[in-house]
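Note on naming: letters A, B, ... go to the chains in the order of the sequence lines (proteins, then strands), and numbering restarts at 1 for each one.
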There are 2 protein chains.
Amino acid sequence: MAAKADGNTIRTERTRARILAESLTLFNERGEANVTTGMIAEALGMSPGNLYYHFRNKDEIVERLFARFEERVDVQPAAPAGGAAPRDAPWGPGAIEDLWLYLHLMLEGMRDYRFLYRNLDDLTARNSRLHLHFNRIVDRKLAAVEALCEDLVRVRAMRATPAEIRTLARNVLVVATYWLNFQALRAPRAKRAVGDEVDLGEAAYQVMALIAPYLAGAARRHHDRLSRHYID
Amino acid sequence: MAAKADGNTIRTERTRARILAESLTLFNERGEANVTTGMIAEALGMSPGNLYYHFRNKDEIVERLFARFEERVDVQPAAPAGGAAPRDAPWGPGAIEDLWLYLHLMLEGMRDYRFLYRNLDDLTARNSRLHLHFNRIVDRKLAAVEALCEDLVRVRAMRATPAEIRTLARNVLVVATYWLNFQALRAPRAKRAVGDEVDLGEAAYQVMALIAPYLAGAARRHHDRLSRHYID
DNA sequence: GTCTATATAGGGATAGAC
DNA sequence: GTCTATCCCTATATAGAC
């Protein structure tokens with residue numbers, strides 16, 4: 001909480017923050033293209049003119065939100081145990097759980113900024129910075145997934161060739177990137193307006209299911225136990 | 001070729017067809033939302049007014065194109081060999097090739113109407129018929145993939161539990177549905193405007209890779225042989 | 001910093017002449 | 001059937017008062 005006595009700078013910042021927060025909510029609910037600056041202003045009980053005092057244009061709002069998203073989601077997974085797997089569990093149950101954890105972290109970020117995924121094509125076509133940065137994120141994610149898989153292979157928790165791992169990583173990215181869209185598409189129309197209770201568990205389950213068949217022995221069984229909750 | 005002597009009915013139909021064809025091209029190239037009726041008319045060297053003589057509104061064009069897409073893509077896969085697998089190859093190599101074939105067929109349809117996939121969210125949110133019908137297609141595809149997998153299990157070409165098959169089918173649908181989007185997203189900006197040479201082989205390869213790890217013995221080897229071309 | 005009023009532009013769609 | 005002209009609405013963005 002900032003003190004109120006600080007003058008106008010803080011008020012300005014607070015208003016900017018309110019605009020960003022409301023924009024994010026509306027964008028996620030109805031899609032960026034279907035939200036006008038007027039709607040944002042109205043939702044905040046402020047005039048459209050005032051909104052434009054704080055942001056040059058709508059795209060600046062999008063860019064700002066994307067920057068936050070990027071900051072939040074562009075983190076590397078926990079450094080893998082490497083060769084240091086405990087002797088009593090050389091197949092690394094920790095590695096599997098790290099994967100679940102990392103996956104959930106990513107999915108939460110994607111859920112909170114899901115408007116970006118709703119119209120990826122148009123957003124990236126309109127805005128070259130966004131296209132560039134988004135692809136950079138994907139590049140890093142691909143590398144991260146491949147590295148995690150290679151680690152699993154190293155500790156014999158997974159059996160897969162390098163080619164299989166690359167293909168697998170791509171599919172992991174695709175499913176992770178678009179699952180929430182698919183989920184929304186599948187939902188009955190009534191629920192779509194409401195917008196929410198996105199089921200991240202289901203998303204994580206679907207992604208892990210891509211990896212599962214390559215897991216070996218105890219690691220596979222460990223995964224099956226963890227994912228049992230999500231089988232319909 | 002229709003005879004010219006037939007009067008105006010044919011001319012009308014031909015113009016409608018030209019409008020649809022041009023709309024499809026432009027929609028695929030730039031996205032439905034980014035194509036105005038004016039652009040369509042101009043591309044055809046006709047006036048906007050004339051376009052509206054043939055179609056009540058833009059959405060009618062979209063609906064008509066969707067109907068064609070639906071007709072083309074909503075076909076069932078070849079009836080599986082069932083118990084009638086040849087004695088010398090009980091693992092059914094035919095079944096694997098049928099799968100490839102069916103997959104290519106579907107992907108071609110999706111490529112030719114890819115504008116539908118570009119903004120699935122908005123299109124289905126705007127148009128409830130589209131939402132309904134699209135989901136009906138997905139339902140059938142899910143059932144078809146599950147049936148194909150169950151057949152493979154029956155002839156021992158695949159090892160998978162019913163739960164695994166359901167999860168697998170969902171992932172197959174997601175990857176098939178969104179792979180072309182992913183591909184476009186990954187392409188450098190220069191190529192995106194041009195719009196094309198969509199690599200369906202890569203798409204098919206990625207989808208088949210989902211199924212591969214569940215294939216058993218000779219069927220797995222058969223798949224590996226077929227997909228070898230696509231390994232980077 | 002916030003408001004009201006308005007400029008500006010684009011796109012969907014219609015009217016009416018030919 | 002096709003064209004020209006235009007209406008109408010919506011959305012972004014700005015000007016200027018308070």
Side-chain angles (χ1 to χ4, degrees), chain A residues 2-23 26-27 29-65 115 119 122-123 125-127 130, chain B residues 2-24 26-27 29-66 115 119 122-123 125-127 130:
Chain A
K4 279 179 180 174
D6 265 303
N8 290 347
T9 319
I10 285 177
R11 269 271 278 289
T12 305
E13 275 315 304
R14 262 195 59 77
T15 306
R16 269 181 72 93
R18 287 202 314 140
I19 292 171
L20 286 174
E22 189 63 40
S23 299
L26 290 174
F27 288 170
E29 258 173 24
R30 343 227 324 193
E32 181 267 345
N34 306 311
V35 175
T36 70
T37 51
M39 290 166 65
I40 299 169
E42 189 186 28
L44 290 166
M46 81 175 46
S47 69
N50 191 17
L51 186 144
Y52 278 92
Y53 171 81
H54 292 281
F55 293 92
R56 234 179 298 289
N57 51 40
K58 197 181 165 189
D59 208 56
E60 192 187 322
I61 298 179
V62 172
E63 287 237 10
R64 196 67 203 81
L65 288 174
F115 82 94
N119 259 15
D122 279 326
L123 282 172
R126 274 209 323 255
N127 187 324
L130 223 141
Chain B
K4 281 180 179 174
D6 264 303
N8 289 347
T9 320
I10 285 178
R11 271 269 279 289
T12 304
E13 276 314 306
R14 260 196 60 78
T15 306
R16 269 181 71 92
R18 286 204 312 141
I19 292 171
L20 287 174
E22 189 63 39
S23 299
L24 180 58
L26 290 174
F27 287 172
E29 258 173 24
R30 343 228 321 195
E32 181 268 344
N34 306 312
V35 174
T36 72
T37 52
M39 290 168 64
I40 300 169
E42 190 185 27
L44 290 166
M46 80 174 48
S47 69
N50 190 17
L51 187 145
Y52 278 93
Y53 171 80
H54 292 280
F55 292 92
R56 235 180 298 289
N57 52 41
K58 195 181 166 189
D59 208 56
E60 193 187 321
I61 298 179
V62 172
E63 287 237 9
R64 196 67 202 80
L65 288 174
F66 177 77
F115 81 94
N119 259 15
D122 279 325
L123 281 172
R126 274 211 321 256
N127 187 324
L130 224 141

In whole Å, I'd like the distance from the CG atom of N34(B) to the C1' atom of dG10(C). 13 Å

For N34(A) and M39(A), the nearest pair of non-hydrogen atoms, with its separation, is O-SD, 3.7 Å

Taking atom CD of E42(A) as the centre, report whether more than 12 heavy atoms of other residues, nucleotides or ligands fall under 6.0 Å from it. no

To the nearest Å, give me how far apart CZ (R30(A)) and P (dA11(D)) are. 10 Å

Report yes if at least one side-chain N or O of N57(A) is closer than 4.0 Å to OP1 or OP2 of dT12(D); otherwise report no. no

Tell me: NE2 of H54(A) to P of dC3(C), nearest whole Å? 9 Å

Of the candidate nucleotides dT2(C), dG11(C), dT12(D), which contains the atom at the shortest distance from the side chain of T36(B)? dG11(C)

Touch check for S47(B), heavy atoms < 4.0 angstrom, all strands: base, sugar-phosphate only, or nothing? base

Please report, rounded to the nearest Å, how far the C1' atom of dT12(D) is from the CZ atom of R126(A). 12 Å

Check the distance between dT2(C)'s C1' and E42(A)'s CD and give it to me in whole angstrom. 17 Å

Do the side-chain N or O atoms of T15(B) get closer than 4.0 angstrom to the phosphate oxygens (OP1, OP2) of dT2(D)? yes

Which whole-number value in Å describes the distance from I61(A) CD1 to dT12(D) C1'? 11 Å

What's the closest nucleotide to the K58(B) side chain, out of dT2(C), dT12(D), dG12(C)? dG12(C)

Rounded to the Å, how far apart are R18(A) CZ and dT2(C) P? 8 Å

Closest contact, heavy atoms only, I61(A) versus I19(A): CD1-CG2, 4.1 Å

Can you tell whether the side chains of R56(B) and E63(B) come within less than 4.0 Å, N to carboxylate O? no

So which atom in R16(B) and which in H54(B) form the shortest heavy-atom distance, rounded to 0.1 Å? NH1-O, 3.0 Å

Looking at Y52(A), does any N or O in its side chain come under 4.0 Å of the phosphate oxygens OP1/OP2 on dA13(D)? yes

Rounding to a whole Å, what distance do you find between Y53(A):OH and dT2(C):P? 8 Å

